[in-house]
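Here the structure comes first, spelled out in structure tokens, and everything after it is commentary.
Sequential numbering from 1 along the given sequence is applied to the chain's residues.
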Amino acid sequence: MNDWFLYGVLALLPIAAFSGYRLGRKQRKEQSSSNGSLSSNYIKGLNYLLNEQADKAVDTFIDLLTVDTDTVETHLALGNLFRKRGEVDRAIRLHQNLIARPQLKTEDRNTALYQLGLDYNAVGMYDRAVSLFNELLSDPEHKSESLHQLLNIYQLTKDWDQAAKIAEQLQSSMGEEQSKPLAHFYCELADQKRGEGDIKAALANLKKALSINPDSVRASMLQGDIYLQQNNYKQAIKSYQRILKQDIAFLPEALPKIAEAYSAQHDDKGYKQFLNESLEQDAGVSLLIELSKIVQKEQGDKAAALLIGHYLQEKPSLKGLHRLISLHIEHAQDTAKPSLQLLDGIVEKLLQRKPRYECQNCGFHTKAIYWQCPSCKEWSSVKPIKGIEGE
């Protein structure tokens with residue numbers, strides 16, 4: 001007998017027995033016939049269990065339960081069990097039957113409505129779930145959890161406008177901090193508007209995101225991208241440079257665009273100064289590699305190699321080592337060159353295999369940046385990896 005039947009025996013048999021006891025108490029005049037009917041159905045349910053006919057057994061035991069004040073919690077527990085085991089159709093039927101009972105107390109009905117909303121959500125019937133959760137917003141006991149369910153649904157369905165409204169409501173009426181997800185919702189809206197060609201609306205949404213969360217790296221990067229697209233290079237650089245104060249770990253992400261903006265202005269001196277100032281704030285080895293390319297162009301391979309080597313003494317890095325080896329290969333003796341090339345290939349393969357980002361909340365690793373962790377669904381928790389295997 002598998003776990004399903006064990007749960008059925010442990011949970012449903014005492015329930016059915018108790019239901020029979022209550023029926024006997026309430027219907028003394030019909031005690032004999034009621035108990036006989038109950039006993040017959042009870043034995044029938046047992047036979048279904050013993051024959052491993054779980055569906056019929058469950059239906060039989062549910063029919064034995066009378067819906068009243070003392071058994072509502074039992075029905076809710078059964079519905080929750082069904083949903084967790086994937087039997088959502090049964091959970092829906094049970095909760096719908098509960099709600100249909102006219103004698104049900106308001107608080108019990110609302111609880112059943114909330115559980116039914118969870119049922120609909122579990123099978124992707126989001127419109128019905130949203131309708132129920134919205135109905136429950138007027139109930140103080142279920143307002144907070146209903147808002148959270150609505151927020152989850154709107155994120156799943158990528159309805160960012162509604163997600164923003166719900167997050168604002170959670171922050172204003174429930175006192176829950178929502179600045180990080182809110183900023184991301186406005187960034188999502190900005191991305192949508194940009195894709196539609198409505199640049200004015202996109203920039204307005206990004207301005208809103210930065211007003212809500214001044215540390216929003218994503219908003220600064222998107223803003224910089226839009227200005228770069230408009231050939232507004234000064235504003236693009238200004239937006240990207242904001243990342244230095246917001247979260248310097250993300251600066252390497254914007255580095256190619258920053259280089260493009262400086263190059264478009266023919267401002268090599270400004271770019272070099274930016275790299276030096278950023279490295280003084282520990283911006284990461286990617287910026288050092290960029291600086292080494294400028295030094296290589298101006299002073300040669302040896303000066304670039306010395307720059308990288310000095311950095312690696314204090315902050316070992318696979319990316320830095322890869323760059324250093326490549327600088328030495330061209331000048332190596334014929335006997336040493338094959339070994340350096342082999343080592344260079346090994347380091348390159350290591351870099352290709354290593355993840356670049358890690359979620360600070362759940363430890364999820366990835367090679368691509370995610371503003372919302374695919375594993376734990378936390379916003380702004382995925383960060384570039386620092387240290388020998390990262391920046």
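- Inspection of the D225 and Y240 side chains reveals an N or O donor paired with an N or O acceptor under 3.5 Å.
- Residue K386 places its NZ atom among more than 12 non-hydrogen atoms of other residues, nucleotides or ligands, all under 6.0 Å distant.
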task = Step by step, work out the side-chain contact (heavy atoms from CB on, under 4.5 Å) result for L318 and V285.
result = CA-CA 9 Å; L318 284 175; V285 71; over 6 Å; no
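- Counting only distance, with no hydrogens or angles, the side chain of S146 and the backbone of H142 share a donor-acceptor pair below 3.5 Å.
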task = Determine, step by step, whether Q192 and E188 satisfy the side chain to side chain donor-acceptor pair (under 3.5 Å) criterion, reporting the C-alpha distance in whole Å, the side-chain angles of both residues, the deciding distance to 0.1 Å, and the verdict.
result = CA-CA 6 Å; Q192 287 181 354; E188 293 284 356; 5.8 Å; no
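- Between K319 and E389 there is no salt bridge, since no side-chain N of the basic residue sits under 4.0 Å from a carboxylate O of the acidic one.
- Note on ring orientation: taking the six-membered ring where Trp is involved, the planes of H184 and W371 are tilted (angle from 30° to 60°).
- Here CG of L147 is found 5.0 Å from CG of L137. Values are rounded to the nearest 0.5 Å.
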request  = Given side chain to side chain donor-acceptor pair (under 3.5 Å), test Y114 with D119 step by step and report yes or no.
outcome  = CA-CA 9 Å; Y114 179 76; D119 297 338; over 6 Å; no
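- More than 12 heavy atoms of other residues, nucleotides or ligands sit less than 6.0 Å from atom CG of N231.
- Under a hydrophobic clustering in which Ile, Leu, Val, Met, Phe, Trp and Tyr are joined whenever their side-chain heavy atoms come within less than 4.5 Å, directly or via other members, I388 and I308 fall into different clusters.
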ask   = Hey, mind stepping through W379 and Q155 against side chain to side chain donor-acceptor pair (under 3.5 Å) and telling me if it holds?
value = CA-CA 11 Å; W379 289 98; Q155 289 181 82; 2.8 Å; yes
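- A donor-acceptor pair under 3.5 Å is formed between the side chain of Q360 and the backbone N or O of E358.
- Within the 3.5 Å criterion, the main-chain N or O of N213 finds no donor-acceptor partner in the side chain of S216.
- If you chain together hydrophobic residues whose side chains sit under 4.5 Å apart, Y233 and I199 never meet in one group.
- The backbone N or O of L306 lies less than 3.5 Å from no partner atom in the side chain of H310, so there is not a single donor-acceptor pair.
- Side-chain N or O atoms of E378 include none that pairs as donor or acceptor with a backbone N or O of C373 at under 3.5 Å.
- In this structure a side-chain-to-backbone donor-acceptor pair under 3.5 Å is missing from N121 to G117.
- No path of Ile, Leu, Val, Met, Phe, Trp and Tyr side chains, each step under 4.5 Å between heavy atoms, connects L222 with I258, placing them in separate hydrophobic clusters.
- Salt-bridge check for E135 with R109: passed, with a basic side-chain N closer than 4.0 Å to an acidic carboxylate O.
- Listed for the E177 side chain is a donor-acceptor partner under 3.5 Å among the backbone atoms of S179.
- Under the 3.5 Å distance criterion, the side-chain polar atoms of K377 are matched with a main-chain donor or acceptor of P374.
- A donor-acceptor pair under 3.5 Å links the side-chain atoms of S211 to the main chain of K208, judged by distance alone.
- I226 and F250 fall into different hydrophobic clusters, where Ile, Leu, Val, Met, Phe, Trp and Tyr residues are linked whenever their side-chain heavy atoms come under 4.5 Å apart, directly or through other members.
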request  = Please assess K315 against D282 for the test salt bridge (charged side-chain N to carboxylate O under 4.0 Å, His left out), listing each intermediate value before the final yes or no.
outcome  = CA-CA 10 Å; K315 298 171 184 176; D282 194 21; 3.0 Å; yes
request  = Evaluate side-chain contact (heavy atoms from CB on, under 4.5 Å) for L118 paired with F133, printing each intermediate quantity in order.
outcome  = CA-CA 9 Å; L118 294 181; F133 292 135; 4.1 Å; yes
ask   = Going through the distances and angles, do C359 and S375 end up as a side-chain contact (heavy atoms from CB on, under 4.5 Å)?
value = CA-CA 9 Å; C359 176; S375 178; over 6 Å; no
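- Within the structure, every pair that satisfies the side-chain hydrogen bond (donor to acceptor under 3.5 Å, both in side chains) test and touches residues 298-308, not counting sequence neighbours, is listed here: K272-E298, Q296-D301, D301-H331.
- Using a 4.0 Å cut-off between charged nitrogen and carboxylate oxygen, R101 and D108 do not count as a salt-bridge pair.
- L210 and L189 are assigned to two separate hydrophobic clusters, defined by single-linkage of ILVMFWY side chains at heavy-atom distances under 4.5 Å.
- Between T111 and L76 there is a side-chain heavy-atom pair separated by less than 4.5 Å.
- The two residues L324 and A305 make their nearest non-hydrogen contact at CD1-O, 3.5 Å.
- A salt bridge links D247 to K383: one of the charged nitrogens lies within less than 4.0 Å of a carboxylate oxygen.
- For CD of E141, the number of neighbouring non-hydrogen atoms (other residues, nucleotides, ligands) closer than 6.0 Å is 12 at most.
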ask   = Run the side chain to side chain donor-acceptor pair (under 3.5 Å) check on Q235 and Q223 step by step: do they pass?
value = CA-CA 9 Å; Q235 284 299 320; Q223 193 179 66; over 6 Å; no
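- Between the side chains of R356 and T366, no donor N or O sits under 3.5 Å from an acceptor N or O.
- No donor-acceptor pair closer than 3.5 Å links the side chain of K143 to the backbone N or O of S173.
- Remark: E290 engages K293 in a salt bridge, criterion side-chain N to carboxylate O under 4.0 Å.
- Remark: D89 does not engage R93 in a salt bridge, criterion side-chain N to carboxylate O under 4.0 Å.
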